[in-house]
2 protein chains.
Amino acid sequence: MGISKTENYTFEQLELSKLAKVLGHPARIAILEFLIQKQKCICGDIVDELPLAQPTVSQHLKEMKAVGLIKGNIEGNSICYCIDEKVLQMLLNYIQNISEKLEIKNKCC
Amino acid sequence: MGISKTENYTFEQLELSKLAKVLGHPARIAILEFLIQKQKCICGDIVDELPLAQPTVSQHLKEMKAVGLIKGNIEGNSICYCIDEKVLQMLLNYIQNISEKLEIKNKCC
DNA sequence: TTAATTTATTGCAATATTGCGATAAAGATT
DNA sequence: AATCTTTATCGCAATATTGCAATAAATTAA
């Protein structure tokens with residue numbers, strides 16, 4: 001994050017920006033959409049689907065998991081990934097809130 | 001975006017990731033929230049509010065404008081910035097759509 | 001016209017992200 | 001045990017982002 005520090009922002013601002021940042025790459029959007037479609041899948045399924053190598057997909061999944069967007073459960077020697085609705089709901093609520101505020105009183109120049 | 005190219009993803013995936021990326025920095029979340037609260041403001045107001053120098057704020061505003069999140073109208077020697085609801089609505093619709101799909105059939109592991 | 005105000009741009013250093021080959025780790029299969 | 005399958009981690013190069021001082025550009029005010 002360069003020179004400016006986390007202490008300059010609220011917890012909510014930091015959480016939201018972290019979540020948005022994770023969605024800020026087309027590969028991770030594609031992974032999200034694949035997970036919606038399949039409900040759950042393993043890393044290898046995504047590697048077959050996307051034009052990315054296995055370590056790259058693994059890294060993207062790690063970042064998505066770190067912000068709580070997906071869960072991963074060990075099933076045998078593979079890991080079953082799926083979307084965790086909670087964080088997505090938080091993002092939805094936030095944007096909905098902004099939209100409502102704008103509808104009421106957006107006086108744009 | 002490194003080695004992988006834009007042609008590997010759909011237009012929608014690229015648009016959405018660009019929008020999310022812009023929200024993926026706490027300073028830009030703070031700018032967004034400030035704009036909601038004030039309805040409209042000039043660059044200098046944000047500089048006074050945030051712990052960032054004027055060129056940095058100007059750069060953040062430029063990025064937010066590039067994805068259509070905000071509009072800027074020249075008013076005398078200053079520029080009046082405000083939120084453009086259209087793009088925000090697109091983001092809202094997208095996340096709402098995902099949430100609905102998950103509610104129906106999320107069978108997580 | 002000169003100075004003040006306001007925003008944008010340039011150029012640079014520091015840091016972060018992206019992608020992947022090589023390899024490790026760990027359970028499953030034979 | 002040896003091998004296969006699957007995912008994670010390491011290390012590196014290439015690229016992108018962030019922040020800001022200095023400066024430019026453009027309008028307003030005196």
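Chain identifiers are assigned alphabetically (A, B, ...) following the order of the sequence lines, protein sequences preceding nucleic acid strands; residue numbering begins at 1 within each chain.
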Tell me the interatomic distance from [X], atom [atom1], to [N], atom [atom2], rounded to whole angstroms.
X	N	atom1	atom2	answer
A:Leu50	C:dG19	CG	C1'	13 Å
A:Leu23	C:dT18	CG	P	12 Å
A:Ile31	C:dT18	CD1	P	11 Å
A:Glu63	C:dG19	CD	C1'	11 Å
B:Ile74	D:dT28	CD1	P	10 Å
A:His60	D:dT9	NE2	P	15 Å

Got a sec, which residues hit side chain to side chain contact (heavy atoms under 4.5 Å, CB included) with [X], two or more places apart in sequence or on another chain?
X	answer
B:Leu91	A:Ile95, B:Leu16, B:Leu19, B:Leu23, B:Ile95
A:Asn93	A:Gln89, A:Gln96
A:Gln13	A:Tyr9, A:Thr10, B:Ile29, B:Ala30, B:Glu33

Tabulate protein N/O versus nucleotide N/O from nucleotides 1-11 of chain C, keeping only pairs under 3.5 Å, one per line.
unit_1	atom_1	unit_2	atom_2	d
C:dT5	O2	B:Asn77	ND2	3.1
C:dT7	OP1	B:Cys43	N	3.0
C:dT7	OP2	B:Gly44	N	2.8
C:dA8	OP1	B:Tyr81	OH	2.6
C:dA8	OP2	B:Ser58	OG	2.9
C:dA8	N7	B:Gln54	NE2	2.9
C:dA8	N6	B:Gln54	OE1	2.9

Angle between terminal axes - the helix from C:dT1-D:dA30 to C:dT30-D:dA1, 5 pairs each end, rounded to 10°: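 It works out to 20° between the end axes.
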Distance-only criterion, 3.5 Å: show the donor-acceptor pairs between side-chain atoms of residues 42-70 of chain A and protein atoms not counting sequence neighbours.
unit_1	atom_1	unit_2	atom_2	d
A:Asp45	OD2	A:Ile42	N	3.3
A:Gln59	NE2	A:Glu63	OE2	3.2
A:His60	ND1	A:Arg28	NH1	3.0
A:Glu63	OE1	A:Arg28	NH1	2.8

Salt bridge (Lys or Arg N to Asp or Glu O under 4.0 Å): pairs with one or both residues in residues 9-20 of chain A, sequence neighbours excluded: A:Glu15-A:Lys18
What pairs meet the ring-ring contact (aromatic ring centres under 6.0 Å, His included) rule with one or both residues in residues 35-59 of chain A, with sequence neighbours excluded?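 Not a single pair qualifies under ring-ring contact (aromatic ring centres under 6.0 Å, His included).
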Pairs meeting criterion ring-ring contact (aromatic ring centres under 6.0 Å, His included) with involvement of residues 32-55 of chain A, two or more places apart: none
Output yes when at least one side-chain N/O atom of B:Lys21 is less than 4.0 Å from OP1 or OP2 of C:dT17, else no. no
For C:dG19, does OP1 or OP2 lie under 4.0 Å from any side-chain N or O of A:His25? yes
Heavy-atom closest pair, residues B:Leu92 and A:Ser99: CD2-OG, 3.6 Å
Is it true that A:Phe11 and B:Leu32 fall in one hydrophobic cluster, defined by side-chain heavy atoms closer than 4.5 Å?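 Result: no, two separate clusters.
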